[in-house]
Participant: 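Have a look at this one before I ask anything.
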There are 2 protein chains.
Amino acid sequence: MLTYSSTSRPSLQQIAPSGFPQISGAPASRQIEAIGVPMLFKRGNEVYGQGEPGEYIYRVVTGAVRACRILADGRRNIGAFYLPGDMFGLDAGPAHGFSAEAVTDSRLLVIRRRSVLALAASDNEVARELWSLTERELARALERAVLLSKTAQERMAGFVLEMAARAAGETIDLPMPRQDIADYLGLTIETVSRTLTSLEQQAAIELPNCHRIVLRNGPALKELNA
Amino acid sequence: MLTYSSTSRPSLQQIAPSGFPQISGAPASRQIEAIGVPMLFKRGNEVYGQGEPGEYIYRVVTGAVRACRILADGRRNIGAFYLPGDMFGLDAGPAHGFSAEAVTDSRLLVIRRRSVLALAASDNEVARELWSLTERELARALERAVLLSKTAQERMAGFVLEMAARAAGETIDLPMPRQDIADYLGLTIETVSRTLTSLEQQAAIELPNCHRIVLRNGPALKELNA
DNA sequence: CGGCGCCTTGAACCAAGTCAAGCTCTGTGG
DNA sequence: CCACAGAGCTTGACTTGGTTCAAGGCGCCG
């Protein structure tokens with residue numbers, strides 16, 4: 001059984017404060033972003049911890065973030081990956097149920113929750129956007145739960161398709177190591193590796209190197225995805 | 001492999017329309033409920049179907065509802081159970097990702113989404129309540145995803161604790177059959193049955209009959225829940 | 001009282017986990 | 001520029017938890 005200890009603390013770096021400009025008439029998401037402060041997080045650093053109050057919400061500009069939880073016995077579970085364009089930190093009822101860590105060096109927009117709420121109070125569009133973002137996050141979480149009750153091959157196919165949907169073309173660059181994929185899919189690293197190899201042998205994908213997947217037969221993967 | 005065919009259609013029954021009273025100053029949840037129409041759904045009937053637009057949101061008054069999805073090959077997945085007091089139907093971005101069916105004869109409050117949105121537009125409290133409900137639903141979905149990457153015994157313990165948290169005392173009355181529990185936990189009905197028996201043998205629970213579980217040792221279950 | 005749906009139990013099987021090498025990058029220092 | 005070291009990935013052999021297949025029991029309703 002592989003266990004995890006806590007990640008190193010910040011050493012994060014603020015890039016530039018942007019103040020609180022009032023951008024009326026802009027789309028709601030733009031308005032929310034406008035009150036954010038860009039920051040750099042180094043690979044492996046914690047953005048927020050499990051159990052901390054959700055004081056901020058975030059938007060990934062570049063890089064990748066994982067939402068993870070360490071269980072009492074050391075097992076780790078990854079609840080989501082956030083890629084450029086994604087907002088996260090919405091999973092905080094009273095407190096965050098998961099911690100968030102930078103998978104690679106990442107540039108994040110950090111937005112004060114109170115500020116967004118204030119904005120939402122005066123602007124319906126913003127309030128609606130907040131709800132909509134959370135709704136989308138909910139849909140993703142439910143989708144992952146469905147994935148988790150399937151076979152290893154189906155989970156892997158689902159994961160590849162999920163990643164492919166976010167990549168522009170046929171080539172997927174994975175920012176995360178195999179262990180992260182394993183913890184996301186509820187499998188072991190060995191099973192992830194074997195299953196990817198098997199998908200390659202079935203000519204569904206190509207694996208030029210371990211950080212890259214090339215889609216060769218999307219329909220076949222969708223078939224596997226059940 | 002057990003497969004599922006579509007459930008019977010409505011035969012639902014409206015109890016009494018309540019109109020659109022304006023209840024200013026009431027708590028947001030009350031205001032939302034006030035614009036709902038109570039309806040009866042018979043055991044097994046569909047409340048809404050997978051892929052349908054989310055025209056309504058619902059509140060369980062009595063009974064129980066399951067959110068489920070049938071996969072292409074006939075496997076079924078249950079995404080959530082909704083018990084008295086729960087609101088559901090919030091998982092509809094453009095359309096419902098899951099269908100909803102009455103587990104037992106159920107009395108539901110049916111609320112037009114458009115009406116809630118209109119209410120939210122003029123009342124911040126309502127808008128916030130909507131967001132908060134969706135956030136809670138998200139937290140539950142993430143929690144279930146964590147559960148799904150554990151062992152059968154841990155899943156079962158988690159399920160029992162989840163149900164116990166909603167029951168007043170030590171006695172849990174399960175409205176759903178074993179097959180529903182299995183599809184919720186991503187297990188087979190046999191494993192559910194065996195695992196419950198095993199928990200009883202460990203003196204963690206008591207099974208007076210198949211619709212009832214009595215908590216005998218909550219702490220032990222929490223231990224198992226990791 | 002009989003039949004049927006649902007639940008439990010048993011035995012055999014298999015997918016995924018575990019344990020253990022070995023390989024391949026990638027970065028580093030000589 | 002190359003050799004080396006280490007982390008991360010792949011592969012193999014074995015084990016095991018959970019599924020599958022099959023039989024039997026229990027309780028409810030007509």
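Just so it is clear: chains get the letters A, B, ... in the order the sequence lines come, proteins before strands, and each one is counted from 1.
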Participant: What pairs with A:Arg140 under side-chain hydrogen bond (donor to acceptor under 3.5 Å, both in side chains), at least two apart in sequence or on another chain?
Facilitator: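 For A:Arg140 there are no side-chain hydrogen bond (donor to acceptor under 3.5 Å, both in side chains) partners, ignoring immediate neighbours.
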
Participant: What string of B, S and - do you get for nucleotides 24-29 of chain D 5' to 3' if you count protein non-hydrogen atoms under 4.0 Å?
Facilitator: ------

Participant: So A:Asp180 and A:Leu174, do their side chains get closer than 4.5 Å, heavy atoms only?
Facilitator: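 When only atoms from C-beta onward are counted, A:Asp180 and A:Leu174 do not touch, as no gap falls below 4.5 Å.
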
Participant: Would you list the protein and nucleotides 21-24 of chain C atom pairs, both N or O, that sit under 3.5 Å from each other?
Facilitator:
none

Participant: Mind checking what makes side-chain hydrogen bond (donor to acceptor under 3.5 Å, both in side chains) contact with B:Thr197, not counting sequence neighbours?
Facilitator: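 With sequence neighbours excluded, B:Thr197 shows a side-chain hydrogen bond (donor to acceptor under 3.5 Å, both in side chains) to no residue whatsoever.
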
Participant: Taking only residues two or more places apart in sequence or in another chain, which ones pass side-chain hydrogen bond (donor to acceptor under 3.5 Å, both in side chains) with A:Thr171?
Facilitator: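 If we apply the side-chain hydrogen bond (donor to acceptor under 3.5 Å, both in side chains) test to A:Thr171, skipping adjacent residues, there are no hits.
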
Participant: Evaluate the side-chain proximity of B:Val160 to B:Leu215: yes if any heavy-atom separation is below 4.5 Å, no if none is.
Facilitator: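 They are in side-chain contact.
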
Participant: Among all residues two or more places apart in sequence or in another chain, which pass the ring-ring contact (aromatic ring centres under 6.0 Å, His included) test with A:Tyr58?
Facilitator: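 Once residues adjacent in sequence are excluded, the partners of A:Tyr58 under the ring-ring contact (aromatic ring centres under 6.0 Å, His included) criterion are A:Tyr48, A:Phe88.
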
Participant: Nearest-Å distance, CZ (A:Arg75) to C1' (C:dT18)?
Facilitator: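 Going from A:Arg75 (CZ) to C:dT18 (C1'), I get 15 Å.
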
Participant: Measure the angle between the two terminal helix axes of the helix from C:dC1-D:dG30 to C:dG30-D:dC1, five base pairs each, and quote it to 10°.
Facilitator: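 End-to-end axis angle for the helix from C:dC1-D:dG30 to C:dG30-D:dC1: 30°, rounded to 10°.
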
Participant: Are any non-hydrogen side-chain atoms of B:Val110 and B:Val47 less than 4.5 angstrom apart?
Facilitator: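 Not touching, per the 4.5 Å side-chain cut-off.
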
Participant: With respect to B:Glu55, which candidate in B:Arg113, B:His96, B:Arg112 satisfies the side chain to side chain contact (heavy atoms under 4.5 Å, CB included) definition?
Facilitator: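 Passing option: B:Arg112.
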
Participant: To the nearest Å, how far apart are B:Arg212 CZ and C:dC7 P?
Facilitator: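 From B:Arg212 CZ to C:dC7 P: 16 Å.
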
Participant: Could you give the CE-to-P distance, from B:Met156 to C:dC7, as a whole number of Å?
Facilitator: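 It works out to 12 Å between those atoms.
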
Participant: Which pairs count as salt bridge (Lys or Arg N to Asp or Glu O under 4.0 Å) when at least one residue sits in residues 185-196 of chain B, sequence neighbours excluded?
Facilitator: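 As it turns out, there is no salt bridge (Lys or Arg N to Asp or Glu O under 4.0 Å) pair with a partner in residues 185-196 of chain B once direct neighbours are skipped.
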
Participant: Who are the ring-ring contact (aromatic ring centres under 6.0 Å, His included) partners of A:Phe159, not counting sequence neighbours?
Facilitator: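 A:Phe159: ring-ring contact (aromatic ring centres under 6.0 Å, His included) contacts with A:Tyr184.
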
Participant: Tell me the salt bridge (Lys or Arg N to Asp or Glu O under 4.0 Å) pairs involving residues 196-214 of chain A, sequence neighbours left out?
Facilitator: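 Found A:Asp173-A:Arg212, A:Glu206-A:Arg216.
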
Participant: Could you go through residues 217-226 of chain A and list every donor-acceptor pair under 3.5 Å that involves a side-chain atom there, pairing it with any protein atom two or more places apart or in another chain?
Facilitator:
{"residue": "A:Asn217", "atom": "OD1", "partner": "A:Ala220", "partner atom": "N", "Å": "3.2"}

Participant: Rounded to the nearest angstrom, tell me the gap between atom CD1 in B:Ile213 and atom P in C:dC7.
Facilitator: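 It is 12 Å, rounded to the nearest whole Å.
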
Participant: Which parts of nucleotides 6-19 of chain D does protein reach within less than 4.0 Å, heavy atoms only, written one letter per nucleotide 5' to 3' as B for base, S for sugar-phosphate only and - for none?
Facilitator: ---SBBBB----SB

Participant: Contact between A:Arg75 and B:Lys150 at the side-chain level, heavy atoms closer than 4.5 Å - yes or no?
Facilitator: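 Side chain of A:Arg75 against side chain of B:Lys150, heavy atoms only: contact under 4.5 Å found.
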
